[in-house]
Amino acid sequence: MERRDVSSWNTVLSGLVELGRYDEAFELFGDMRDSGVAADRFSLSPLLAAAAEGFGLQEGAAVHALSLKSGLEMDLSVGNALIGFYAEHGDSVEDAVDVFQRMPVKDVVSWTGLLHGYMEFGLVDMALDVFDRMPERNFVTYNAVLTGFCQNKEGVRVTFARKSGLRGLGLFRQMVEDGLEISDVTVTGVLNACAIAADRKMSEQVHTFVIKCGCSSTPWIDAALIDMCIKCGRSGDAHLLFEQWRHEESLHIAWNSLLVASFKDGEYEKAISTFLKMFRSNDVQFIDEFILTTVLGVCGALGFAELGKQMHSFAAKSGFLSAQGVGNAIISMYGKCGALETAVDVFKRMPCRDLVSWNALITSHLLHRQGDEILELWSQIERLPIKPDSITFLLVISSCSYTSSNSTDKCRELFLSMSSTHGIKPSVEHYAAFVYVLGCWGHFEEAEQLIGKMPLKPSVLVWRSLLDSCNRRPNMTMRRLAMKHLLALEPQDPSTYVLTSNLYSESARWQSSESTRLKMREMGMRKIPAKSWTFHGNSIHSFFARDRSHPQSKDIYAGLDVLILDCMKAGYEPDTTFVLHDVEEYQKRHFLMYHSVKLAAMYGLLMTGHGETIRVVKNIRMCGDCHSFMEYTSAATGKEILVRDSGGFHIFRGGKCSCRE
DNA sequence: CTAGGGTTAG
């Protein structure tokens, strides 16, 4: 065969990468080396792209090693590509910094890549420092700063969010003044930065400025505007923008923006009503695979099986069932609605399963605490040419708390194999999950050692896991240890306050408990209000504790009083330790009896026919007394009650719960 | 070569 030159190899190489055929790209590269052709500066960037998209840090580092050997690392474009790779996939920003520092000649691309790296690792101030120090900036540099502000949208602190919005607006003004190229990236970046600031005034300012500087209205910009308006409390303006949507051919983007904005804010019922408006109007023609996946996600979050099922058949009729995302969302929806068998069935019938499908299936089993089944699924994955990711590991590690026999050995093996054989660095979440497993099986000593030697700072999550595991294996020493750290780490966090308050309450130290709650109120914190809901007549009926707003609340309270007596006759004893207020015993009992789960379940009992299962969803974990009450209720009424709380499903049948806790 | 836009898995 004729010997090809390096440039023809490179052409095929980048072609494969463009097509997303990363494995083949690496294979071809192997062939290239076998045939004695040395890689040049143009071979390495497609390989780095392949490593970035299809593999991970290991492959990228291998390409890096190669460039070191061939002396290509000092090449400007190779160095820039390496910085770009490490900025996204490095262990830490130092990987990118190292390359940057070794480069003899740097240009604006090198500097921008470094800046991007700092942003990716959440080091905003360092990134801004680079921005100030760099000798030259172009519009990509500005855009990198802007988009950096919008990362980690969730859990952003208020002060930081505000700052990002202001800085974003400042940068945007400067870009306009300096005559830099303004693209969709710029405008959506500024809008997103202001959206996370959730500041009405700021959003109006930006809105005006965007119009004034004549940025053309594109679907992306208008979608970002709608999103920003909703997040800044201007839903009227959002709907106005929606009605004036000019990009007819892309109306589905506008619909989805509305839906996603409500979904991400936890306003599920609002998202549903928005969707139904679309579903029942002429705009039904604009429903596409993205909208369907969003809606299925909302149905899952709500546990709204009826609508979820309708969406499943709609997807089948409209031909969207073959879309990978839709199929995956359907599995997840059924899993979260308690229809595990249907989820499994959909999974099995899927023509093509990707990692997300597997993760969704595992999640469905995890919600039902089926640890053994998940370990079986894991052994199937191991035999397939599918690469588990950090989410898969998080799920499988967590499943070890719910196996029929002690699976800490298996769990330890999984945890260690993450970095040793799969090249995935365990995150704080993985440590927290492992700690929970160890605690659940009573291996507190190992849990403590693990926390002691973890390379990451043990976050609230880790201590919270240790504390939670003490509910399965009571251990006062560990409880105290976890509490101590939680208080030190996040004294201002509402949930920590509630925890401390609860701990005090349990030891009957009412004074301290009440003063904690008072302090919490002073600091303007609220705990997430407990809420439960159930379904009837294709609509959602939700309840807060002691809620009397439901039109049938008279019947609900009367029914509940009768049921309580029946249950007490059968041996149910209200456990008022779950009432965390310093009130007289009879008042405590009153508080306890009208917790939201009890109200929603009672409504379900009133409305559900013979042989039908009652389904209740609660936004946080239900308390021990509600749990015990549901057990008695299932025996007293002979009905099956399914409750999903933040810990998973509880199936109450004949006086027993499936959770074995 | 450096910047991202509506979706699904925690």
Given atom CH2 of A:Trp220 and atom P of B:dG5, what is their separation to the nearest angstrom?
9 Å

Could you pull out all residues at least two apart from A:His207 that satisfy ring pair (Phe, Tyr, Trp, His ring centres under 6.0 Å)?
none

Pairs touching residues 336-347 of chain A that satisfy side chain to side chain donor-acceptor pair (under 3.5 Å), sequence neighbours left out
A:Asp345-A:Arg349

Name all residues meeting the side-chain contact (heavy atoms from CB on, under 4.5 Å) criterion together with A:Val93; count only those two or more places apart in sequence or in a different chain, and write none if there are none.
A:Val97, A:Tyr118, A:Phe121, A:Leu123

For A:Glu181, report the nucleic acid contact type (base, sugar-phosphate, nothing); a contact means any heavy atom under 4.0 Å.
nothing

Looking at every strand, decide which applies to A:Lys336 at a 4.0 Å heavy-atom threshold: base, sugar-phosphate, or nothing.
sugar-phosphate

Atom-to-atom span, CG of A:Leu225 to C1' of B:dG5 - whole angstrom
13 Å

Identify whether any heavy atom of A:Tyr142 sits under 4.0 Å from a base atom; if not, whether one sits that close to sugar-phosphate; answer base, sugar-phosphate or nothing.
nothing

Think A:Lys264 has a side-chain N or O under 4.0 angstrom from the OP1 or OP2 of B:dT7?
yes

Can you tell which of A:Asn80, A:Thr141, A:Asn143, A:Asp107 makes a side chain to side chain donor-acceptor pair (under 3.5 Å) with A:Thr112?
A:Thr141

Considering residues at least two apart in sequence or located in another chain, which fulfil the ring pair (Phe, Tyr, Trp, His ring centres under 6.0 Å) criterion with A:Phe131?
A:Tyr142

Scan residues 246-262 of chain A against DNA chain B and write down, sorted by residue number, each residue with any heavy atom closer than 4.0 Å; if none is found, say none.
A:His252, A:Ile253, A:Asn256, A:Val260

With the side chain of A:Thr147 defined as its heavy atoms from C-beta on, choose the nearest nucleotide among B:dA9, B:dT8, B:dA3.
B:dA3

Within less than 4.0 Å of OP1 or OP2 of B:dG10, is there a side-chain N or O belonging to A:Thr363?
yes

Taking only N and O in the side chain of A:Ser332, is any of them less than 4.0 Å away from OP1 or OP2 of B:dA9?
yes

Per the under-4.0 Å heavy-atom filter, residues of residues 288-295 of chain A near DNA chain B come out as A:Asp288, A:Phe290, A:Thr293, A:Thr294

Residues that A:Asn256 engages under side-chain hydrogen bond (donor to acceptor under 3.5 Å, both in side chains), provided they are two or more places apart:
A:Thr294

Can you check whether A:Tyr431 and A:Phe415 have ring centres sitting under 6.0 Å from each other?
yes

Of the nucleotides B:dG5, B:dG4, B:dG10, which one has an atom closest to the side chain of A:Leu395?
B:dG10

A:Asp645: partners by salt bridge (charged side-chain N to carboxylate O under 4.0 Å, His left out), with sequence neighbours left out
none

Tell me the interatomic distance from A:Met418, atom CE, to B:dG10, atom P, rounded to whole angstroms.
16 Å

Quickly work out the A:Leu321 CG to B:dT7 C1' distance and round it to whole Å.
15 Å

Minimum-distance nucleotide to A:Ala144 side chain [options: B:dA3, B:dA9, B:dT2]
B:dA3

Without decimals, in angstroms, what is the distance between A:Phe347 CZ and B:dA9 C1'?
12 Å

Given atom CZ of A:Phe85 and atom C1' of B:dC1, what is their separation to the nearest angstrom?
15 Å

Under the ring pair (Phe, Tyr, Trp, His ring centres under 6.0 Å) test, residues paired with A:Phe209 that sit two or more places apart:
A:Phe172

With sequence neighbours left out, the residues meeting ring pair (Phe, Tyr, Trp, His ring centres under 6.0 Å) with A:Phe314 are A:Phe279

Given the 90°-from-0 boundary between syn and anti, B:dG5 should be labelled syn

Kindly assign one of parallel, tilted or perpendicular to the pair A:Phe393 and A:His422, based on the angle between their ring planes and the thresholds 30° and 60°.
perpendicular

For the pair A:Asp125 and A:Arg167, find out whether any cationic side-chain nitrogen is under 4.0 Å from an anionic carboxylate oxygen.
yes

Does anything in residues 95-105 of chain A come within less than 4.0 Å of DNA chain B? Heavy atoms only, and list the residues if so.
none

Distance below 4.0 Å between A:His116 side-chain N/O and B:dT2 OP1 or OP2
no

Which residues pass the side-chain hydrogen bond (donor to acceptor under 3.5 Å, both in side chains) test with A:His365, not counting sequence neighbours?
A:Gln370

Could you state the atom-to-atom distance from CG of A:Asn80 to C1' of B:dT2 in whole Å?
7 Å

Can you measure A:Tyr86 atom OH to B:dT2 atom P for me and round it to whole angstrom units?
15 Å

